[in-house]
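All figures in this text were calculated on a predicted structure; none of them were measured in a lab. Atoms within each ligand, like the ligands themselves, are counted from 1 in listed order.
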Amino acid sequence: MINIPKWVKDLQPYKPGKPISELVDAKNLKRIVKLASNENPLGPSPKAIEAIKKFASESHRYVDPASTELVKAIARKYDKKSGQIICGHGVDNLLTYYLMAFTREHDEVLTSGGTFIGLYVNTNKIGRQLTTVPLRDYSIDLNAIYSNISPRTKIIYLANPNNPTGTIFSRGQFEEFMIKVPKDIIVLLDEAYSEYVPPGTDLPNGTDYDYENLIVSRSFSKCHGLAGLRVGFAIGPENLIKELYKVKLTFEPNHCAQVAAAAALEDNEFIARTIELNKKSLALMIAKFDQLGIDRIESYANFILMLMPSEEIAADFCDQCLKRGLILRHVRPFGIANGVRINSGTEDETIFAIDVITEVYRKLLDSQTAHAGNFEDNG
Ligand SMILES: Cc1ncc(COP(=O)(O)O)c(C=O)c1O
């Protein structure tokens, strides 16, 4: 019999949501609005689409494994050397490479509870020890993470802004943390949402630092609108980036992803439009949630985490919204059992989402009040 490693046997298979087209048929709905994956509601950057069309005819060629043109564009934008940059099939895939290149069996990856699920999945996938410390007021607690460093800790993962809470830590907190952390531990700073953070916010910009043990990840899936193409990059010290190239899938990212990302990187008009829409959409949602009394976390990203009174109510809330055509994310697998995440939408999607949420939340409140009434009657 084949002896499958325990850590693989213990993995939970990824449960994808039904494709939108299937949901329309299955639930007999006129419309589905998906605000569950923090995607860009405007679609891809138009410059990226142009680039794909222009270079699609080169798709019979194997790709440039070093993503030379894309790496040069990133190096120019962030004032780095090309040797400090690596591109991959999204930040998610880069996480696998960090683990492959920098950890051995029995090594530990240290992070926060209530953070990006991709880190948990990737760590478990290759059988490394995952240690999490609780969030503090829904924010990553750098002091607690520092206190939990053990001799086996090889990687510390920090998402800033954090997903699914949207919270941040400050420049001062980060610098104090980096000074204390032993230099033989790699700190992964995931900045997938940094473009959404309002200017003037006290937020460390990972690309400004040159710590010998810091690797910063950025994604093209969010404000550049290229989630489906799978492309992200890392910036770090040359000696570490060099090792990542050895474990990377050779022909990655694919051809269309490379040309599209290079074009999207320079599409400032699209990025500005995305940020503006995000601000407006979230402001409308916040106003409504506050009016309804929905508890929520202050967010610096392109989504809001709503807190329901219980895990069951969060699950029911998502189900009821789905029945009306609105797809939200119940973030129980991230470690926040009563959390429901919604990302920004177009104006039209935002109004639709607000209407659905208002109806569902009021019904939930009514049924709770009725329950409470029953208890009183019985009491
Ligand atoms: C913090 C964080 N990092 C990385 C990712 C994934 O990025 P990519 O699509 O580049 O793999 C996400 C996606 O939701 C995220 O929330």
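Contacts of Phe220 with ligand 1, taken as heavy-atom pairs under 4.0 Å, are absent altogether. Counting heavy atoms under 4.0 Å from ligand 1, residue Asn163 touches it through the side chain alone.
No close placement of the Phe169 and Phe177 rings is indicated, their centers lying 6.0 Å or farther apart. Checked against a 6.0 Å centroid threshold, the rings of Tyr97 and Phe102 do not count as neighbours. A centroid separation of 6.0 Å or more is found between the aromatic rings of Tyr120 and Phe334.
The side-chain tip of Arg341 points at the ring of Phe303 from less than 6.0 angstrom away and within 45° of straight on.
The single protein non-hydrogen atom nearest to atom 7 (O) of ligand 1 is Ser219 OG, 3.6 Å, given as residue, atom name and distance. The nearest protein atom to atom 2 (C) of ligand 1, hydrogens excluded, is given as Asp190 OD2, 3.4 Å; this is a heavy-atom distance. Among protein heavy atoms, the minimum distance from atom 6 (C) of ligand 1 is reached at Phe116 CZ, 3.7 Å.
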One pair to check against salt bridge (charged side-chain N to carboxylate O under 4.0 Å, His left out): Lys6 and Asp10. What are the steps and the verdict? CA-CA 6 Å; Lys6 182 175 173 339; Asp10 287 350; 2.4 Å; yes
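For a threshold of 3.5 Å applied to N or O pairs, the pair formed by Val91 and ligand 1 contains at least one separation below that value. Distances between N or O atoms of Ser221 and those of ligand 1 include at least one value under 3.5 Å.
Contact atoms of ligand 1 toward Asp92: 11 (O) (distance under 4.0 Å to a heavy atom of the residue). Proximity to Arg230 (heavy-atom distance under 4.0 Å) selects the following atoms of ligand 1: 8 (P), 9 (O), 11 (O). Within ligand 1, the atoms closer than 4.0 Å to a non-hydrogen atom of Tyr157 are 1 (C), numbered from 1 in the order shown.
Residues Glu276 and Arg273 are not paired through a salt bridge, judged by the lack of any N-O separation under 4.0 Å between the basic side chain and the carboxylate. A salt bridge does not link Lys34 to Glu349: none of the charged side-chain nitrogens sits closer than 4.0 Å to a carboxylate oxygen.
A donor-acceptor pair under 3.5 Å is formed between the side chain of Ser147 and the backbone N or O of Asn143.
Looking at His89, Lys222, Arg329, Glu191 and measuring to atom 13 (C) of ligand 1, the nearest heavy atom belongs to Lys222.
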